[in-house]
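In listed order, ligands and their atoms are each counted from 1. Note that these values count all heavy atoms, side chains included, but never hydrogens, waters or copies made by symmetry. Since this is a predicted model, take the numbers as computed values, not measurements.
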Amino acid sequence: MDLILLGPPGAGKGTQAKKMIDALHIPQISTGDILRAAVKDGTAMGLEAKKFMDAGQLVPDSVVIGIIDERLKEDDCAKGFILDGFPRTVDQAASLTEMLDKAGRKIDHVISIDVPDSDLMARLTGRWMCTCGASFHKLFNPSKVDGICDLCGAKLYQRDDDKEAAISVRLVNYHNQTAPLIDYYGAKKVLRSIPGTGTPDEIYAAIMAVVNG
Ligand code: AMP
């Protein structure tokens, strides 16, 4: 089962992918998570990516395409994968099609989680993260003690790209560079759109209906 979760930043792709892993027994592949790990480790790729990420800009296609090319060859992807945050441009999608063709594979479903821009700003500015990997939300999933991680007690931080100025850039980039993928995958007859405005459980049920469909 080769799946892509498509949607604007803040649509809940990461949250849904994490719920799907257990049900489907295939890995989530998040280019955002991979890039953040590279930034944290201070690798050359991380240092290059950081300046784009902090500004809310997309990291160059050549970098992320290379990441995915390597990652999809790993053993845990043999039975499928859930791509979260990739592809984000038509060039990335075309490269993915080429990689999968070479491996004799194809995308089964592209699930587009639709959320209006007006909801996304509130969702993204409310997100607070912990270095342990936990994530909280001031409105939807607050930590028990404000600013402190429930799991490990560390101080929560806001991603630089979840600050308002960077979010505006991310939303403009989404509409200019990523939304065209809706037509790209629509033409390939693998696109299914679901509303992303319900509760996480409702959105999950809609995704699983597509996957099991
Ligand atoms: P995310 O966690 O998916 O919102 O990604 C965080 C940031 O990582 C994005 O704002 C981009 O700067 C970068 N990034 C993640 N995935 C990609 C991608 N497929 N192409 C380009 N940049 C990406």
task: Using distance alone, determine whether Gly85 and ligand 1 share an N or O pair under 3.5 Å.
output: yes
message: Show me which atoms of ligand 1 lie under 4.0 Å from any heavy atom of Gln57.
response: 11 (C), 12 (O)
statement: CE of Met1 to NE2 of His25, rounded to nearest 0.5 Å, is 12.5 Å
message: Looking at Asp76 and Arg71, is there a salt bridge between them, counting it only when a charged N and a carboxylate O are closer than 4.0 Å?
response: yes
field: Protein contact of atom 16 (N) of ligand 1 - nearest heavy atom, named by residue and atom, plus distance
entry: Thr31 OG1, 2.8 Å
query: Non-hydrogen atoms of Arg159 versus ligand 1: any pair closer than 4.0 Å?
result: yes
- prompt: Is a salt bridge present between Lys106 and Asp108, judged by a nitrogen-to-oxygen distance below 4.0 Å?
  reply: yes
task: Note the single closest protein heavy atom to atom 1 (P) of ligand 1, along with its residue, its atom name and the distance in Å.
output: Arg88 NH2, 3.5 Å
- request: Could you pull out the closest heavy-atom pair between Met53 and Asp161, with the gap in Å?
  value: O-CB, 3.3 Å
message: Using a 4.0 Å heavy-atom cut-off, which part of Val59 comes near ligand 1: side chain, backbone, both, or neither?
response: both
message: Suppose I only count heavy atoms of Gln92 and a 4.0 Å limit; which atoms of ligand 1 are within that range?
response: 18 (C), 19 (N), 20 (N), 21 (C)
statement: Per-atom filter on ligand 1: closer than 4.0 angstrom to a heavy atom of Gly32 are 2 (O), 5 (O), 15 (C), 16 (N)
Exam field: side chain Gln16 to backbone Pro200, donor-acceptor pair closer than 3.5 Å: yes
- prompt: With a 4.0 Å heavy-atom cut-off (strictly under), which part of Asp161 contacts ligand 1: side chain, backbone, both or neither?
  reply: side chain
query: At under 4.0 Å between heavy atoms, which part of Val64 makes contact with ligand 1: side chain, backbone, both or neither?
result: side chain
- prompt: What protein heavy atom sits nearest atom 8 (O) of ligand 1, and how far away is it?
  reply: Met53 CE, 3.6 Å
- request: Determine whether Tyr174 and Ile4 fall in the same hydrophobic cluster, where Ile, Leu, Val, Met, Phe, Trp and Tyr are linked whenever their side-chain heavy atoms lie under 4.5 Å apart.
  value: yes
- prompt: When you measure from atom 2 (O) of ligand 1 to each heavy atom in Arg170, Arg36, Lys13, which option holds the nearest one?
  reply: Arg36
- prompt: Considering only the protein, which heavy-atom contact is closest to atom 14 (N) of ligand 1, and what is its distance?
  reply: Leu35 CD1, 3.5 Å
field: All pairs passing ring pair (Phe, Tyr, Trp, His ring centres under 6.0 Å) where residues 124-173 contributes a residue, at least two apart
entry: His137-Phe140
query: Does any N or O in the side chain of Gln158 come within less than 3.5 Å of the main-chain N or O of Thr125, such that one atom is a donor and the other an acceptor?
result: yes
- request: Before giving the answer on salt bridge (charged side-chain N to carboxylate O under 4.0 Å, His left out), spell out for Lys51 and Asp54 the whole-Å C-alpha distance, their side-chain angles and the decisive distance to 0.1 Å.
  value: CA-CA 5 Å; Lys51 49 183 191 278; Asp54 286 351; over 6 Å; no
